[in-house]
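Notes to accompany the following structure.
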Amino acid sequence: MSKNATNAQRILIVESSDTFSQILQEYLSAQGYKTHLAPDGLAGIKSVYSFLPHLVITSAQLPLFRGASFARLLKARPSTGKIPLVMFSTINETRDEFWGLQAGVDLYAEKSPENLDGLLPQLQRLLDENAGIDFEQIKREGEKISDNSIVETLDSLLDGKLFAATLSGMLARLSGKPLDDTVQGVFSLLNNVCNCEICSIMIKDGDDGLLVYNANNAGYTGEIAEDFKAIAIADFNTRFSDYKVVGKELKDFYPAGEKNKRIESYIMLSLENGDAAGASGASGESFATVHIGTSVKEYFSPVVLQAINVFLSAASGLVANALRHRLMENRQKKTMTAFARYVPIDVMDEIIKKSSSQATHGETRLVAVLFSDIRSFTTISENTPAQELVEFLNGYFDLMGRQIISEGGNIDKFIGDAIMAIFGAPKTLENASTSAVRAALRMVKTLGTVDTSGIFLPQPGLGTGIGVNYGECVVGNIGFQNKLDYTVIGDTVNLAARLEGVTKYYSAPVIVSEFVYNVSKDDFIFRKADSVRVKGKDRPVGLYTVYEAWQGEAEEGTPQSLVISRETLDQYNKGLKLYYMREWETAKQYFNNALEASRAAGKEDYLCELYLHRIADYQVNPPPADWDTTTTMTEK
């Protein structure tokens, strides 16, 4: 006898099978629970308001409306929504489990008398966890419940908008994934929307390619699966008769099985670009076909088709975006291959001269690492057609790569719109730090010559951020026997990447570390921007902005961001020293003097404004006694 014999906790059983409901009722009654039977979903909802159960057990297959609909009705109201709900279904009914859990089912179990002993502790756990049900509120609501009100509520809960919103939420989890992963996720969700025993998605790939994705969910034999694929390809060719396929790429997500039944129902539907214009055509144009087959005769009823169309409407934009990124990546790979000529000859010679065993050996060297990144590139890429974007990147990489190579740098890799370059490896440079800074300044000066026609540019136009660091790194060929990359790794690399990231914060095109400043301070005009503790590091690092010339002495065409007046720098440095001494008023005076000197030269000075804001804050809320003048960066 269960401990609930004296508590008499109430369990409502909503089950159409007389045999199973009787077994379940006798089992639970023997455990001391008070039970009540309802033969269908409508009777089950009405029983909730009359029997006032502490827990409800239902079946996925119910008369009048399915178990998922019953669950959504129960969970829709705040009062009854607190009642724990257990759903039974036959084995392998993944759609029932999927939609049941989406509707709010608390526990899902296989429908079998053999499972009852193992299920009992879970039922009691749910009962214990949901002891705060307001039965008085449920009783009051029950006075207003009728068959018509239940049906009306069900209609509102299960309309197309809700269905579409549910699917959109689930599809959002696939956002940003590669095309293969996106399509596999679409297959998985589609199999929950309908009885998708076998399915193919045919996608236009560029100008003459065809991507063929197949999901043999039901495990049809290889012969049937190949016949289905052939029919799908033929229908694709008929649908897109003007699209001449030159090459195909096939991907099968599930292996062939032993199912040898005839495919009785088949349908082909199209995917359209929607808002993702540029994937493989203009907005609103079809770019792919979806082919679904099942062994169920006359399966694709208007209700099933409506559900499929709602799903594909939500999924098409996601697939189109993934395709667009794939096309961009492929074009970028071709671009990077073309830019292999920017790898210095000495790098290629060193790799060729070394044996394969030597090639994987690394060594520690003092090198300078440069990271650059295009400002607001996400905005640019989202508002620029793929072809124009790739052409822009080609031109940008060409010009920036030339500046790096001209200073003896080695372009390590392109990362989207970013460039990583090494100075001092494999060829040793006399002053790698100075070469890297000089390359950074040349990149900023060259930025104005990049062809931006055809791309969307946010205000204030095309910008870049460059970070340079200097220190020890492990350099060498890293990878495996069939694929090696000559690269550098270590904290020096990580900090260089962080420096590029903080250029936005300090409104400067180039930020270098104190390690660069220490070895190159005689070669350029430096100004200390801050002392920061980057995320993941305890030791603070000094940051410096870099200038090429003094105001009035710069060559014609030099960007104003690379020019500073002597008076501005002098007043700023005095203000910074007083700031570190907590002499707020005097420091403020010098920063204001520096700002006025900068404005007199025709430009604003963000660093002066930054420290004036900090002083204002510290005058109201002074820093702690152990303040070490360091700014802690909480983001990478």
Side-chain angles (χ1 to χ4, degrees), residues 373 375-376 460 463 465-469 491 494-518 521 524-547 550-551 560-636:
D373 191 71
R375 296 272 174 83
S376 304
I466 303 174
V468 182
N469 190 27
D491 284 345
N494 298 335
L495 180 57
R498 303 282 179 85
L499 296 180
E500 179 278 314
V502 301
T503 56
K504 295 187 287 291
Y505 178 79
Y506 294 102
S507 191
V510 181
I511 292 285
V512 305
S513 69
E514 65 186 43
F515 311 113
V516 171
Y517 169 79
N518 290 338
K521 57 187 174 184
F524 307 95
I525 303 169
F526 290 91
R527 173 163 62 154
K528 187 168 185 179
D530 211 345
S531 180
V532 304
R533 186 177 289 107
V534 298
K535 187 174 182 181
K537 297 294 180 182
D538 294 327
R539 184 184 182 281
V541 178
L543 307 186
Y544 292 79
T545 56
V546 190
Y547 304 89
W550 297 109
Q551 192 75 40
Q560 282 296 298
S561 60
L562 301 184
V563 177
I564 189 170
S565 74
R566 296 178 186 272
E567 181 66 10
T568 296
L569 184 57
D570 178 67
Q571 295 293 310
Y572 173 90
N573 286 337
K574 291 176 180 178
L576 191 62
K577 291 178 181 178
L578 291 163
Y579 170 85
Y580 290 152
M581 296 167 62
R582 303 181 185 230
E583 296 291 338
W584 308 127
E585 281 299 324
T586 310
K588 183 164 65 174
Q589 180 180 343
Y590 280 104
F591 283 128
N592 278 317
N593 291 343
L595 186 58
E596 290 175 7
S598 183
R599 288 172 175 170
K603 57 183 291 189
E604 293 294 324
D605 193 288
Y606 176 80
L607 287 178
C608 288
E609 294 176 345
L610 173 67
Y611 279 100
L612 286 171
H613 282 300
R614 288 184 180 178
I615 288 172
D617 290 338
Y618 283 149
Q619 285 180 317
V620 177
N621 301 298
D626 60 348
W627 178 56
D628 63 355
T629 75
T630 297
T631 300
T632 299
M633 293 291 182
T634 58
E635 297 181 356
K636 293 185 178 180

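Residue numbers start at 1 and run along the sequence shown. Predicted model, so just to flag it, every value in this text is computed and none were measured.
Across every non-hydrogen atom of Ala594 and Cys608, the tightest pair is CB-SG, 3.5 Å. Closest of all the heavy-atom pairs between Val512 and Val546 is CG1-CG2, 3.8 Å. Contact between Ala529 and Tyr611 at its shortest, heavy atoms only, is O-OH, 2.7 Å. Among all heavy-atom pairs drawn from Pro540 and Arg533, the shortest one is CD-NH2, 4.1 Å. What you find for Asp530 and Thr629 is that their closest heavy atoms are OD1-O, 4.4 Å. In plain terms, the two heavy atoms of Gly467 and Leu499 that are nearest each other are CA-CB, 3.9 Å.
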Derivation of the side-chain contact (heavy atoms from CB on, under 4.5 Å) call for Ile511 and Lys504: CA-CA 10 Å; Ile511 292 285; Lys504 295 187 287 291; over 6 Å; no
Would you please test Ile525 and Ile564 for side-chain contact (heavy atoms from CB on, under 4.5 Å) and show each step? CA-CA 9 Å; Ile525 303 169; Ile564 189 170; 4.1 Å; yes
Checking Asn592 against Leu612 for the side-chain contact (heavy atoms from CB on, under 4.5 Å) test, could you report, in this order, the C-alpha distance in whole Å, the side-chain angles of both residues, the deciding distance, and whether it holds? CA-CA 8 Å; Asn592 278 317; Leu612 286 171; 3.3 Å; yes
side-chain contact (heavy atoms from CB on, under 4.5 Å) between Asp617 and Asn621, intermediate numbers included: CA-CA 6 Å; Asp617 290 338; Asn621 301 298; 5.7 Å; no
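Tyr572 contributes no side-chain N or O that, together with a main-chain N or O of Leu607, makes up a donor-acceptor pair within less than 3.5 Å. Side-chain atoms of Tyr606 come within 3.5 Å of backbone atoms of Tyr505 as a donor-acceptor pair (strictly under, hydrogens ignored). Under the 3.5 Å distance criterion, the side-chain polar atoms of Ser598 are matched with a main-chain donor or acceptor of Lys603. Side chain of Asp628 to backbone of Thr630: a donor-acceptor contact under 3.5 angstrom is found.
Counting heavy atoms from C-beta on, the side chains of Val563 and Trp550 never come closer than 4.5 Å. Within the 4.5 Å cutoff, no side-chain heavy atoms of Arg566 are placed close to those of Gln551.
Between Asp605 atom CG and Leu595 atom CG the span is 6.5 Å, to the nearest 0.5 Å. Between atom OG1 of residue Thr545 and atom OH of residue Tyr506 there is a gap of 11.0 Å, rounded to the nearest 0.5 Å. In this structure, the separation between CG on Leu495 and CG on Asp491 is 8.5 Å, given to the nearest 0.5 Å. The distance from atom NZ of Lys588 to atom CD1 of Ile615, rounded to the nearest 0.5 Å, is 7.5 Å. Rounding to the nearest 0.5 Å places CD of Glu500 at 5.0 Å from OG1 of Thr503. Within the model, atoms CZ of Phe591 and CD of Glu596 stand 14.0 Å from one another, a figure rounded to the nearest 0.5 Å.
Not less than 6.0 angstrom separates the ring centroid of Trp584 from the ring centroid of Tyr590. For Phe524 and Tyr547, the gap between ring centers reaches or exceeds 6.0 Å.
Between Arg599 and Glu567 there is no salt bridge, since none of the side-chain N atoms of the basic residue sits less than 4.0 Å from a carboxylate O of the acidic one.
For residues 574-584, the pairs satisfying salt bridge (charged side-chain N to carboxylate O under 4.0 Å, His left out) are Asp570-Lys574, with sequence neighbours left out.
Relative ring orientation between Tyr517 and Tyr544 is described as parallel, the plane-to-plane angle staying below 30° on a 0-90° scale split at 30° and 60°.
Side chains of Gln589 and Glu585: no donor on one and acceptor on the other come within 3.5 Å.
Of the candidates Lys528, Lys521, Arg539, Glu514 forms a salt bridge (Lys or Arg N to Asp or Glu O under 4.0 Å) with just one, namely Arg539.
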